[in-house]
Amino acid sequence: MMENTEIAKVLRDVGTLLEIDGANPFRVRAYENAARTVEPHAVPMRTMVESGAKLTDLPGIGKEMASHIQELVTTGALRVLQDLTREVPYTLVEMVRLPGVGPKRANKLWRELGVETIDQLEAAAKAGAVESLAGFGKKTQERIVRGIASLKKRAGRFRLAHADQLVEPLVEYMRTHEGVRRIEVAGSYRRRMETVGDIDLLVIARDPQPVMDHFTAYERVKKIELASGTSARVMLQSGLQVNLRVLPPASYGAALQYFTGSQAHNVKLRRRAVARGLRVSEDGVFRVPEGEDPDAEDVLSGERVAGASEEDVYAALELAWIPPELREDRGEVEAAAGGKLPELVTLDHMRGDLQMHSTWSDGHDGIDAMVKGCVERGYEYLALTDHSKSLAMTGGLDAEALREQWREIDEVQAAHPEIRILKSQEIDILRDGSLDLADEMIEQLDVVLVSIHSLFDLPAAQQTNRILAAIRHPAVHILAHPTGRLINEREPYQFDLEEVLCCCKENGVAVELNAHPSRLDLKDTQLMRARELGVKIVISTDAHRVRDLDLMHYGVEQARRAWLAPADVLNTRPLQELLGSLET
DNA sequence: GCCGTTTTCGGCCCGACTGTTTTCAGTCG
């Protein structure tokens, strides 16, 4: 059974292989477009196929794509892909993702050097065989080596949102078993880390075996790696490893605490326990009998003082319950001991979204739809931030187009007095730090958002100066996705973030926490630093369609990992207060 | 391969940068 993300991946891979093979570029794009439709679609393709829904009604899905999707859903494979991989090695798809390597170069590397895998490419590049190829050179070769190193660093980790898509149906499936009394996902997933390596599933059940059998029988399981007693480990078809532990009610809280981690957090807790004559394990909290070595292996000796719930585990250590997002040993244990845990921001605190796009540039939905989407989510305001003109590929707006857009905004605003539409633009920061819109236009915007979308490889000093110049523009309010990273895809550009944050502070410019799960930019530790410096922070989805507005929770989760309270986040404030604090 | 129609073909976001060239292909967003 395939999820939409997996179907999208297959379609995308077919497109990439066709591209390497030199196929018609528009045909290639058709596969990419189809993937972009399938991936975020609310209804699973398998449900649509089962119910006989017309797939060709979806944008970018014609007769051919519909039949591909049908085939994938029913057989789990795609004939077209199999045929194609007889022509072009499947592994070249991965190569194309390296910065500096596109379809043409991948083709050349393969045909002229016989390179098919990343490992072979690495060997060839390190041996200096790549630079001698026509169209390649020393710099490209070095770039490839760097790209591979970066790729290997993140091997096997899934973006949180990707993991969500795989884990949610699995949890639903597990719940359908009558023996499952309670189920929780622990680990880095529960701490809402930006990427996760594997999944830890905890289940309370009286009788473990039927639950274990149910788990290993999940149709998306590719391989059962281990299954005995009360624990199992499987590999899903997506490559995600999932561990299951079936537990008795009495130790559920202790196990949940233990398997949620982090390692560093748990070490700190156990140290605290020892100082109180206690021992914490995944089975519970125990009082160490007089004269016994607290590090002894026999974990079940001594009186059990806690373990059924996480709250009582923490309470036994004289600690308030600590939200999972904080459990990184960044001072949360000390804070919990001193009653100084922060009141963390929640989704309910958010009163508006300050970055989104419409069909005026590269968004999928019109202004009216986006506004209604924000109304439905209970927001008081939103900022419409279509791109500026130098981003030609997105259909960025020049001054004239922007004025036209304002007329439409005024109309939509008149129809929706219940929400305030803030006129804004995501203005490109040009090479020299100047902005991609005339000052007389900028001055008329309610919110001025600036960001970088070009020249990612400038030397650090130059990049820093470029950003500083933009921040110093007196009209600028928000620096969007400040580091430019794409999780698992692209490293941040090189610049001095500390200097930029200080400059934001001096100039009253807020930094964005871009909530899109492929960005989450700034990241948690950087946000902590921003907050420490007194820099204002906003959380925005960067939505390109109505559904993307729901990505706000990823931003909030990341903010919680950074200890942010509602007061630290400007768009938790009512409209007038927000506008006031953007100006100062 | 999709789409829309001026309805079964012809068009499909496009401009800039980089490193390789010696006038530009390939990559990127």
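Keep in mind the model is a prediction, meaning the values are calculated, not measured. All chains are named by letter (A, B, ...) in the order of the sequence lines, taking the proteins before the strands, and each is independently numbered beginning at 1.
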**Study point:** Partner of A:Leu397 by side chain to side chain contact (heavy atoms under 4.5 Å, CB included), out of A:Glu404, A:Gln425, A:Met441, A:Glu426
**Key:** A:Gln425
Check your understanding: How far does the C1' atom of B:dT8 sit from the matching atom of B:dC2, given to the nearest Å?
Key -> 13 Å
Check your understanding: Does A:Thr140 have a side-chain nitrogen or oxygen under 4.0 Å from the phosphate oxygens OP1 or OP2 of B:dT18?
Key -> no
Check your understanding: Taking the side chain of A:Lys139 as heavy atoms from C-beta outward, which of B:dG19, B:dG26, B:dG1 is closest to it?
Key -> B:dG19
Review point. Would you say B:dC28 has OP1 or OP2 under 4.0 Å from some side-chain N or O of A:Arg490?
Key: no
Point to revise | Integer-rounded Å distance: B:dG26 P and A:Glu19 CD | key: 12 Å
Check your understanding: Would you say the side chain of A:Asn24 and the base of B:dG1 hold a donor-acceptor pair, judged only by whether the two atoms sit under 3.5 Å apart?
Key -> yes
Exercise for review: Assert yes or no for the condition that the ring centre distance of A:His357 to A:His544 is strictly below 6.0 Å.
Suggested key: yes
Exercise for review: Please measure how far the C1' atom in B:dT27 lies from the corresponding atom in B:dT21, and state the result in whole Å.
Suggested key: 16 Å
**Study point:** Per A:Leu455 side chain, nearest of listed nucleotides B:dG15, B:dT27, B:dC17
**Key:** B:dC17
Exercise for review: Name the closest nucleotide to the A:Arg105 side chain, picking from B:dG29, B:dC2, B:dT27.
Suggested key: B:dT27
Point to revise | A:His453-A:His387 aromatic ring centre distance below 6.0 Å | key: yes
Practice item. For A:Leu391, report the nucleic acid contact type (base, sugar-phosphate, nothing); a contact means any heavy atom under 4.0 Å. Key: nothing
Exercise for review: Whole angstrom is fine here: how far is it from CG in A:Leu458 over to P in B:dT18?
Suggested key: 7 Å
Practice item. For A:Val28, answer base if it contacts any base atom (sugar-phosphate contacts may also be present), sugar-phosphate if it contacts only those atoms, and nothing otherwise; contact means non-hydrogen atoms under 4.0 Å. Key: nothing
Check your understanding: NZ of A:Lys389 versus P of B:dC14: gap in Å, rounded?
Key -> 17 Å
**Study point:** Which nucleotide in B:dT18, B:dC14, B:dC2 has an atom nearest any side-chain atom of A:Met65
**Key:** B:dC2
Point to revise | Atom-to-atom span, CZ of A:Phe456 to P of B:dG29 - whole angstrom | key: 5 Å
Exercise for review: Classify the nucleic acid contact of A:Leu486 as base, sugar-phosphate or nothing, counting any heavy atom under 4.0 Å across all strands shown.
Suggested key: nothing
Exercise for review: Tell me what A:Pro25 touches on the nucleic acid: a base, only sugar-phosphate, or nothing, going by heavy atoms under 4.0 Å.
Suggested key: nothing
Review point. Expressed in whole Å, how much space separates the P atoms belonging to B:dT5 and B:dC12?
Key: 15 Å
Review point. Within the structure shown, what part of the strands sits under 4.0 Å from A:Leu58 by heavy-atom distance: base, sugar-phosphate, or nothing?
Key: sugar-phosphate
**Study point:** Ionic contact status for A:Arg192 with A:Asp164, cut-off 4.0 Å
**Key:** yes
Review point. Taking the six-membered ring of A:Tyr31, is the NZ or CZ of A:Arg12 close enough (under 6.0 Å from the centre) and on axis enough (within 45°)?
Key: no
Revision key, fill the gap. Of the listed B:dG1, B:dT27, B:dT18, the closest approach to the A:Pro103 side chain comes from B:dT27
Exercise for review: Please measure how far the C1' atom in B:dT7 lies from the corresponding atom in B:dC13, and state the result in whole Å.
Suggested key: 24 Å
Exercise for review: Could you work out the separation of B:dT20 and B:dG26 based on their P atoms and round it to a whole Å?
Suggested key: 14 Å
Study note, to complete from the structure: Of A:Ser390 and A:Tyr31, the one whose closest nucleotide on DNA chain B sits nearer the 5' end is A:Tyr31
Study note, to complete from the structure: When A:Gly100 and A:Arg431 are each assigned the nearest nucleotide of DNA chain B, the 5'-most assignment goes to A:Arg431
Revision key, fill the gap. Taken to the nearest whole Å, CG/A:Leu98 to C1'/B:dC28 is 14 Å
Check your understanding: What integer distance in Å separates A:Ile69:CD1 from B:dG1:P?
Key -> 14 Å
Check your understanding: If only atom types and distance count, is the side chain of A:Gln463 paired as donor or acceptor with the main-chain N or O of A:Leu455 below 3.5 Å?
Key -> yes
Review point. Rounded to whole angstrom units, what separation is found between the CD atom of A:Glu64 and the P atom of B:dT8?
Key: 21 Å
**Study point:** Distance between C1' atoms of B:dG11 and B:dT6 (Å, rounded)
**Key:** 13 Å
Review point. Can you tell me how far P in B:dG10 sits from the matching atom in B:dG15, rounded to whole Å?
Key: 24 Å
**Study point:** Residue matched to B:dA16 through Watson-Crick or wobble contacts both under 3.5 angstrom
**Key:** B:dT27
Point to revise | NZ/NE/NH1/NH2 to OD/OE distance under 4.0 Å, A:Glu87 and A:Arg111 | key: no
Check your understanding: Roughly how many Å is it from CG in A:Leu18 to P in B:dG1, rounded to a whole number?
Key -> 8 Å
